[in-house]
Structures are given as structure tokens and as C-alpha cells.
Q: 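This is the structure I want to talk about, given as C-alpha cells.
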Amino acid sequence: MNITILDDYQDTVRTLTCFSKLAGHNVTIWNDHTKDVDILAGRLKDTEALALIRERTPIRGPLLEKLLKLRIISQRSVYPHIDVDICTRRGVIVSSDMHPGRPSYATAELAWGLIVAALRHIPQEVAALKAGRWQSTLGTGLHGRTLGVYSYGRIGSVVAGYGKAFGMKVLVWGREASLARAHAEGYASARSREAFFEECDVISLHLRFNSATRGIVTAADLARMKPTALLVNTSRAGLIEAGALVDALKRGRPGMAAADVYEEEPVLNAAHPLLALDNALCTPHIGYVTRSGYEGMFGSIFDQILAYAAGKPVNVVNPEVLKLR
């Protein structure tokens, strides 16, 4: 089969152990990123199986209509970037391993790394030391502080456990089902949504991004946070009201933010307003990007392609296409 892998920024996929699964197939890997439909159509014109890295490239109608040889899109996790209905109409299988019950420990670990790095001013202290200065700032410890976890799901529950291990008081907020899970596992919820934002010293967002959660964290929410508080977002930028975080940081409530996600990615040439703020710690969406994580992700992506090639597709999110085919 002609297999194409998009958006392998670090040129890592070919170095993975699981890559050997594709031996005997014609594999093309693109390391740069584009959303230009005509460029993508040219790159994918002979592609039969398309492997995606999460939601990096939208696969929608104008592109799908040009991909006459495409038979399967294989990926992992949610798929808001794929027009599944048009895939079905065109006879393209969408296979996506939803890995139920398996949290992204890598994302939870990065969230915690950002919390420690931001509150202890680690990037600033490293830069100062390299510039010849000694002890330039005064950081904040975590023990005894209040950690707010917004949505107690697969990743949020892991982050809550890290907070408990660090001696923090953990408060949870979210939908009723989320709060019920947290209560069952011994965590308290805030008295109210307003109290959640007012009382927490650190708030980490772990909601799934969809139409119901778009902009769920508002400018008013941010304005309630302490001037010493930290907001951490390793989930999706769209959870926060557009433009609200930059404005809030300029006003000093919250006092700091750490972000791994942005409205448009990749962010190149430092072209994002958060990068110009001294009280924002920014990383390039590396939450899930680890070698072990890639082995697991691409192992399942490649298995889905091989299952299709064997005539037994798995993890099909549009089973109607099987009847059409």
C-alpha cells in the first residue's frame, strides 16, 4: 500500500521500533506542516492509507474530494479535524483507537513540570545563571497550596494524584459526573464555580474540547483568580475565551500562566502574543510527545492500517462505510 504520514515534526516516526510493521509497504513521511488544500492534495494524490498525528492537519471536504485513491485514515483519539460524513460518502474508512481508560501520563507529567517550572521560576533562573547572575528571583512552593483540577477525567485524575503527593489541597470542578468520580476517590469539590477560581493557587485545565466547552473559561473567571495564582493549559487553547488569557495576564489576574496549546498550530517565528509576556511559560504542544507515547500511538495506527490491508478493519468510527464498500 501507499502510506503517508503527515506532520512528523522531529522526523521521529522512522526511528520507532513499531515502524518495522510497515515493512514491504511504500511509506512517505512529511516533516513540515501545511494546511493548504492544493499542496496537501499534491502530496497525497497516490495515498491509499493516511496516518495522522492527532489533530495537526484538518481533513475536510475540499481535500477529501481530491484524494481519489484514499481508502483509510488511521489515527488515535478524538477526530474533530476529520469530516467523517464525507469520508463515509467517499468510501474512506476512519479507524481511530480511542484507548479507553488509558490516560496520557506524558501530558499529566508535562502539566506538573510546567507547574513546578513556573512557580519556581526555573527558566528565568537558568537563563540568569548562564548570564552570570546568582539567585535572581524568589519562587513559590507547592506544599500547603491549593490545586484546582478542572474536570476529573483520565488526565485530571492523574494530576490530582500528583498534587496530593506534593502535599497540596486538591479541589475539583466540572460536570456532575466528573465531581462524582472525584468524590468517590476522596477529592473535594469547590463550593461553587466562582469559589474554584477565587481560592485555587494553581488551576490545571483537563477538559475535552468540543462545542460545549469552547470558551468555557471566561474573562470573568480569570479575573477572579489571585494575582499570585497560576493557570495551566495542556488541553486545548479553545477552552479559554478568545483573547482572554493574554488580557488577564496583562492585568495581573492570574499572575502567571503556562500553556502547551494554541489556537493555531504550529506557532512559528514566535508569532503568538503569549510568547511576548514575561509571566507566561510556553511549550510547543509537547504534552503527549514522548518516545514511549509515540510507540504506543503509532503501534495502534499501524495495526489499524495492517488490519485494513488484511480485509479486517478495526476501530472503525464510520461502520456505515463497510456496508457501502
Q: Quick check for you: to the nearest 0.5 Å, what is the distance between Trp173 atom CH2 and Leu205 atom CG?
A: 15.0 Å
Q: Establish, from distance only, whether the side-chain atoms of Thr57 and His81 form a donor-acceptor pair under 3.5 Å.
A: no
Q: With a sphere of 6.0 Å drawn around NZ of Lys66, does it hold more than 12 non-hydrogen atoms of other residues, nucleotides or ligands?
A: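 Check fails, neighbour count at 12 or below.
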Q: Measuring from Thr234:OG1 to Tyr288:OH, what's the distance to the nearest 0.5 Å?
A: 12.5 Å
Q: Using a 4.5 Å cut-off on heavy atoms from C-beta on, say whether the side chain of Trp112 contacts that of Leu147.
A: yes
Q: Keeping Thr47 on the side-chain end and Leu50 on the backbone end, is there a donor-acceptor pair under 3.5 Å?
A: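 Absent.
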Q: Counting only heavy atoms from other residues, nucleotides and ligands, does the tally under 6.0 Å from CD of Gln10 exceed 12?
A: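 Correct, the count exceeds 12.
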Q: Given side chains that start at C-beta, do those of Ser77 and Arg54 come closer than 4.5 Å, heavy atoms only?
A: yes
Q: Tell me whether Ser178 contacts the main-chain N or O of Ser151 through its side chain, where contact means a donor paired with an acceptor under 3.5 Å.
A: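 No, Ser178 side chain to Ser151 backbone: no donor-acceptor pair under 3.5 Å.
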Q: Enter the distance from Leu239:CG to Leu245:CG here, rounded to the nearest 0.5 Å.
A: 11.5 Å
Q: So does Lys169 have more than 12 non-hydrogen atoms from other groups sitting under 6.0 Å from NZ?
A: no
Q: Flag the pair Ile53 / Tyr294 as yes when at least one side-chain heavy-atom distance between them is below 4.5 Å, and no otherwise.
A: yes
Q: Would you say the side-chain atoms of Asp36 pair up with the backbone N or O of Asp38, donor to acceptor, closer than 3.5 Å?
A: yes
Q: Please say yes or no: joined through hydrophobic side-chain contacts below 4.5 Å, possibly via intermediate residues, are Ile72 and Leu322 part of one cluster?
A: yes
Q: So do Leu249 and Leu222 actually touch side chain to side chain, heavy atoms under 4.5 Å?
A: no
Q: Taking only residues two or more places apart in sequence, or in another chain, which ones meet Ser95 in a side-chain hydrogen bond (donor to acceptor under 3.5 Å, both in side chains)?
A: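 In terms of side-chain hydrogen bond (donor to acceptor under 3.5 Å, both in side chains), with neighbours along the sequence ignored, Ser95 is linked to no residue.
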Q: Partners of Tyr187 by ring-ring contact (aromatic ring centres under 6.0 Å, His included), sequence neighbours excluded?
A: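 With neighbours one apart ignored, the set is Tyr152.
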Q: Ile59 versus Val94: any side-chain heavy-atom pair under 4.5 Å?
A: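 Side chain of Ile59 against side chain of Val94, heavy atoms only: no contact under 4.5 Å found.
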Q: Verify whether one side chain among Asp97 and Asn315 offers a donor that lies under 3.5 Å from an acceptor in the other.
A: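 Absent: no donor and acceptor within the cut-off.
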Q: If two hydrophobic side chains count as joined below 4.5 Å and joins carry through other members, does Val261 share a cluster with Ile155?
A: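 Per the 4.5 Å side-chain linkage, Val261 and Ile155 are not co-clustered.
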Q: For Arg89, is there an ion pair with Glu65 - N to carboxylate O distance below 4.0 angstrom?
A: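 Judged by the 4.0 Å cut-off on N to carboxylate O distance, Glu65 and Arg89 do form a salt bridge.
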Q: If hydrophobic clusters are built from ILVMFWY residues whose side chains come within less than 4.5 Å, do Ile82 and Leu67 share one?
A: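 Cluster IDs for Ile82 and Leu67 match.
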Q: About how many Å separate CD1 of Ile122 and CG of Leu114, when rounded to the nearest 0.5 Å?
A: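 One gets 10.5 Å once the value is rounded to the nearest 0.5 Å.
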Q: Say you draw a straight line from NE2 of His33 to CG of Leu6; how long is it, rounded to the nearest 0.5 Å?
A: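 Between atom NE2 of His33 and atom CG of Leu6 there are 9.5 Å.
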Q: Please say yes or no: joined through hydrophobic side-chain contacts below 4.5 Å, possibly via intermediate residues, are Val314 and Tyr79 part of one cluster?
A: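 Hydrophobic grouping puts Val314 apart from Tyr79.
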Q: Begin from the C-alpha positions of Arg208 and Thr213 and carry the test side-chain contact (heavy atoms from CB on, under 4.5 Å) through to its verdict.
A: CA-CA 7 Å; Arg208 178 168 289 182; Thr213 59; 5.8 Å; no
Q: Tell me, yes or no, whether the heavy-atom count around Arg224 atom CZ, taken from other residues, nucleotides or ligands under 6.0 Å, exceeds 12.
A: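 Buried by this count: over 12 neighbours within 6.0 Å.
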Q: side-chain contact (heavy atoms from CB on, under 4.5 Å), that's the test. Do Leu40 and Trp30 meet it? Break it down for me.
A: CA-CA 10 Å; Leu40 287 168; Trp30 293 93; over 6 Å; no
Q: Just to verify, what does Asp32 make a salt bridge (charged side-chain N to carboxylate O under 4.0 Å, His left out) with, not counting sequence neighbours?
A: Arg43
Q: Looking at Arg90 and Leu64, would you say the former's side chain and the latter's main chain have a donor-acceptor pair under 3.5 Å?
A: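 Yes: the side chain of Arg90 pairs with the backbone of Leu64.
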Q: Would you say that Phe197 contacts Val217 through its side chain, given a criterion of any heavy-atom pair below 4.5 Å between the two side chains?
A: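 Of all side-chain heavy-atom pairs linking Val217 with Phe197, at least one is under 4.5 Å.
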Q: Stepwise, does the side-chain contact (heavy atoms from CB on, under 4.5 Å) test hold for Leu207 with Ile216?
A: CA-CA 10 Å; Leu207 300 96; Ile216 195 169; 4.1 Å; yes
Q: What I'd like to find out is whether the side chain of Leu277 reaches to under 4.5 Å of the side chain of Lys250, using heavy atoms alone.
A: yes
Q: Assess, by modelled atom type and distance only, whether the side chains of Arg291 and Thr15 contain a donor and an acceptor separated by less than 3.5 Å.
A: yes
Q: Treating Glu295 as the side-chain partner and Leu16 as the backbone partner, does any N or O pair qualify as donor plus acceptor under 3.5 Å?
A: no
Q: Do the side chains of Met256 and Leu281 get nearer than 4.5 Å, heavy atoms only?
A: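 Result no, sub-4.5 Å side-chain heavy-atom pair not found.
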Q: In terms of side-chain heavy atoms, does His272 have a donor or acceptor partner in Glu264 at a distance below 3.5 Å?
A: no
Q: When you measure from the side chain of Ser192 to the backbone of Ala195, do you find a donor-acceptor pair of N or O atoms at a distance under 3.5 Å?
A: yes
Q: Taking a hydrophobic cluster as the set of Ile, Leu, Val, Met, Phe, Trp and Tyr residues connected by side-chain heavy atoms closer than 4.5 Å, whether directly or through intermediates, do Phe19 and Ile305 fall within one such cluster?
A: yes
Q: For Arg175, look at atom CZ and say whether over 12 heavy atoms of other residues, nucleotides or ligands are found less than 6.0 Å away.
A: no
Q: Is the count of non-hydrogen atoms from other residues, nucleotides or ligands lying under 6.0 Å from Lys164 atom NZ greater than 12?
A: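 No, not enclosed.
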Q: Side chain of Asp201, backbone of Arg145: donor and acceptor closer than 3.5 Å?
A: no
Q: Would you check, one step at a time, whether the test side-chain contact (heavy atoms from CB on, under 4.5 Å) holds for His183 with Ser189?
A: CA-CA 7 Å; His183 294 161; Ser189 57; 3.0 Å; yes
Q: Quick one: does Asp83's side chain have a donor or acceptor within less than 3.5 Å of a partner on Ile86's backbone?
A: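 The answer is yes, because a donor-acceptor pair under 3.5 Å joins these two groups.
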Q: What's the separation between atom CD in Glu198 and atom NZ in Lys226, rounded to the nearest 0.5 Å?
A: 10.0 Å
Q: Has Glu125 got a side-chain atom pairing as donor or acceptor with Ser136's backbone, closer than 3.5 angstrom?
A: yes
Q: Donor-acceptor pair, Gln75 side chain versus Val78 backbone, under 3.5 Å?
A: yes
Q: Do Asp46 and Lys69 sit within salt-bridge range, that is, some charged N less than 4.0 Å from a carboxylate O?
A: yes
Q: Any side-chain donor paired with an acceptor under 3.5 Å for Asp221 and Thr218?
A: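 Yes, a side-chain donor-acceptor pair sits under 3.5 Å.
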Q: Check Arg181 against Gly153 and note the closest heavy-atom contact, atom names and distance.
A: NH2-CA, 4.3 Å
Q: Do the numbers put Arg56 on top of the ring of Tyr9, so that NZ or CZ is under 6.0 Å from the six-membered ring centre and no more than 45° off the axis?
A: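 Because its charged atom sits under 6.0 Å from the ring centre and within 45° of the axis, Arg56 does stack over Tyr9.
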Q: On the ring face of Tyr308, is Arg71 found with NZ or CZ under 6.0 Å from the centre and within 45° of the axis?
A: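 No, cation not above the ring by the 6.0 Å, 45° rule.
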